[in-house]
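Contents: one structure, followed by commentary.
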Amino acid sequence: MTAELATPTGAPFFHYQAGELRAEGVSLAELGQELGTPLYVYSRGALAAAWASYQEACVGHEVLVCFGMKANSNLAVLKEFARLGSGFDIVSGGELARVLAAGADPAKVVFSGVGKQAWEMQAALEVGVKCFNVESIPELKRLSEVATALGKTAAVSLRVNPDVDAKTHPYISTGLKENKFGIAIEEAPHAYTFAASLPGIAVVGVDCHIGSQITEVSPYLDALDKLLKLIDQLKAAGIALKHLDLGGGLGIRYDDETPLTPKLLLDKVFAQLQARGYGHLQLVLEPGRSLVGNAGVLLTTVQYLKHTEARNFAIVDAAMNDLMRPALYEAWHGVLPVAPRSSEQTLYDVVGPVCESADWLARGRTLALAEGDVLAIESAGAYGFVMAGNYNSRPRPAEIMVDGEQFHVIRQRETFADLIRGESCLPD
Ligand code: LLP
């Protein structure tokens with residue numbers, strides 16, 4: 001297949017028109033030229049469409065969708081979701097500060113994470129988050145102390161580890177016994193009884209998150225089944241819950257995966273809840289990747305084409321510090337020339353300038369390239385910019401939001417001054 005015929009993973013918001021890749025109505029070649037690369041480009045329409053796919057799947061049911069903001073925490077992105085009515089799943093005091101800066105409603109915030117510190121608990125209690133997803137007995141004790149000292153009550157959901165295989169990459173699988181996350185499901189009844197006995201704690205829900213980039217329904221249904229059995233047990237012990245949080249994890253298309261749509265999953269989840277007599281429970285979801293992943297690309301420019309005996313390298317100006325997923329998970333991201341050429345195609349490894357062999361973005365791709373060509377690394381809207389760093393003293397890229405024919409700079413490119421801010425030398 002030639003690049004001209006490729007369907008971008010972000011279609012229809014990213015699409016070829018007259019031989020040129022566009023984000024909505026904006027030419028990516030022109031954007032790259034005007035603002036420079038590497039450059040993250042998001043589509044506002046794609047965010048809204050992903051949100052709508054959840055809303056449509058939830059019609060007639062009581063559901064709170066809390067965007068797993070670790071996937072993309074740019075203020076403009078958060079504000080878009082807040083405007084659409086989203087809640088937020090946060091994992092740190094920093095993420096709490098961001099959702100508040102975006103004007104989000106704290107009553108729609110759930111606080112996840114295995115290592116919450118006292119100051120983070122305090123900040124969340126002061127603004128009145130909906131719920132803490134608590135992952136251990138020591139965390140419960142600390143939360144009880146912090147809440148009592150403030151004269152507040154912390155609404156708590158225990159994150160249980162249902163020991164199911166999400167059938168995804170081991171680094172992003174979280175619901176197995178050997179993972180650090182959650183309270184083992186066998187120990188959960190005891191943990192609930194303990195939580196219910198603590199001052200400053202109100203037990204309101206149950207939570208799990210089994211992993212990320214999940215493409216099958218069965219791991220979710222297995223986890224749900226275990227959670228419902230636990231809820232039966234708790235009910236018998238006089239502990240009634242108000243909500244059930246199934247976490248995030250829905251996969252997207254990076255290559256040839258068949259993504260699990262919200263409707264495909266939720267129809268089955270609602271049916272199971274109904275059948276087991278729990279149709280009244282509020283369902284909470286924490287999707288990250290599936291709301292933003294295919295709404296963004298990373299633009300990068302070919303610097304050099306280097307042909308060696310073993311390989312052909314396209315050396316580009318983006319690197320592992322800008323998009324860490326390939327280096328960290330051997331993740332596959334599509335590579336599309338923004339202005340495909342018809343010259344002869346060659347097999348390339350697309351690599352960055354960082355001094356590490358792990359610094360590659362894509363391997364073994366058939367492309368027709370010349371120096372100066374701009375490429376779009378696809379599906380970079382989730383876990384892209386948020387995982388970027390400054391290794392090799394590389395400033396982090398700018399972020400752009402396209403809206404129809406318009407574009408907005410939603411984060412400026414870092415400068416050298418940004419890189420050394422806060423550093424100082426020893427006295428002479
Ligand atoms: N809720 C909790 C408690 C989580 O830990 C996560 C993701 C989510 C929700 C959102 O999951 P999602 O819907 O995005 O799958 N950096 C990795 C992904 C790490 C996911 C961590 N937790 C990657 O680039 O693939």
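Counting convention: from 1, in listed order, for ligands and their atoms alike. Heavy atoms only: backbone and side chains are in, while hydrogens, waters and symmetry mates are out. Start at 1 with the first residue, then count along the sequence.
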Would you mind listing which atoms of ligand 1 come within a distance below 4.0 Å of any non-hydrogen atom of [X]?
{"X": "Glu286", "value": "1 (N), 2 (C), 3 (C), 8 (C), 9 (C), 10 (C), 13 (O)"}
{"X": "Gly248", "value": "9 (C), 13 (O)"}
{"X": "Met387", "value": "16 (N)"}
{"X": "Asp89", "value": "1 (N), 2 (C), 9 (C)"}
{"X": "Pro287", "value": "13 (O)"}
{"X": "Arg159", "value": "3 (C)"}

Heteroatom proximity flag, [X] to ligand 1, N/O under 3.5 Å:
{"X": "Ser112", "result": "no"}
{"X": "Ser290", "result": "no"}
{"X": "Gly249", "result": "yes"}

- request: Could you tell me if any non-hydrogen atom of Gly288 lies under 4.0 Å from any atom of ligand 1?
  value: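 Yes; Gly288 lies near enough to ligand 1 that a heavy-atom distance drops under 4.0 Å.
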query: Would you call Met324 a ligand 1 contact, heavy-atom distance under 4.0 Å?
result: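 Contact check Met324 vs ligand 1: negative.
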query: What do the steps show when you test Phe181 against His209 for ring pair (Phe, Tyr, Trp, His ring centres under 6.0 Å), and what is the final call?
result: CA-CA 9 Å; Phe181 300 100; His209 170 78; 7.8 Å; no
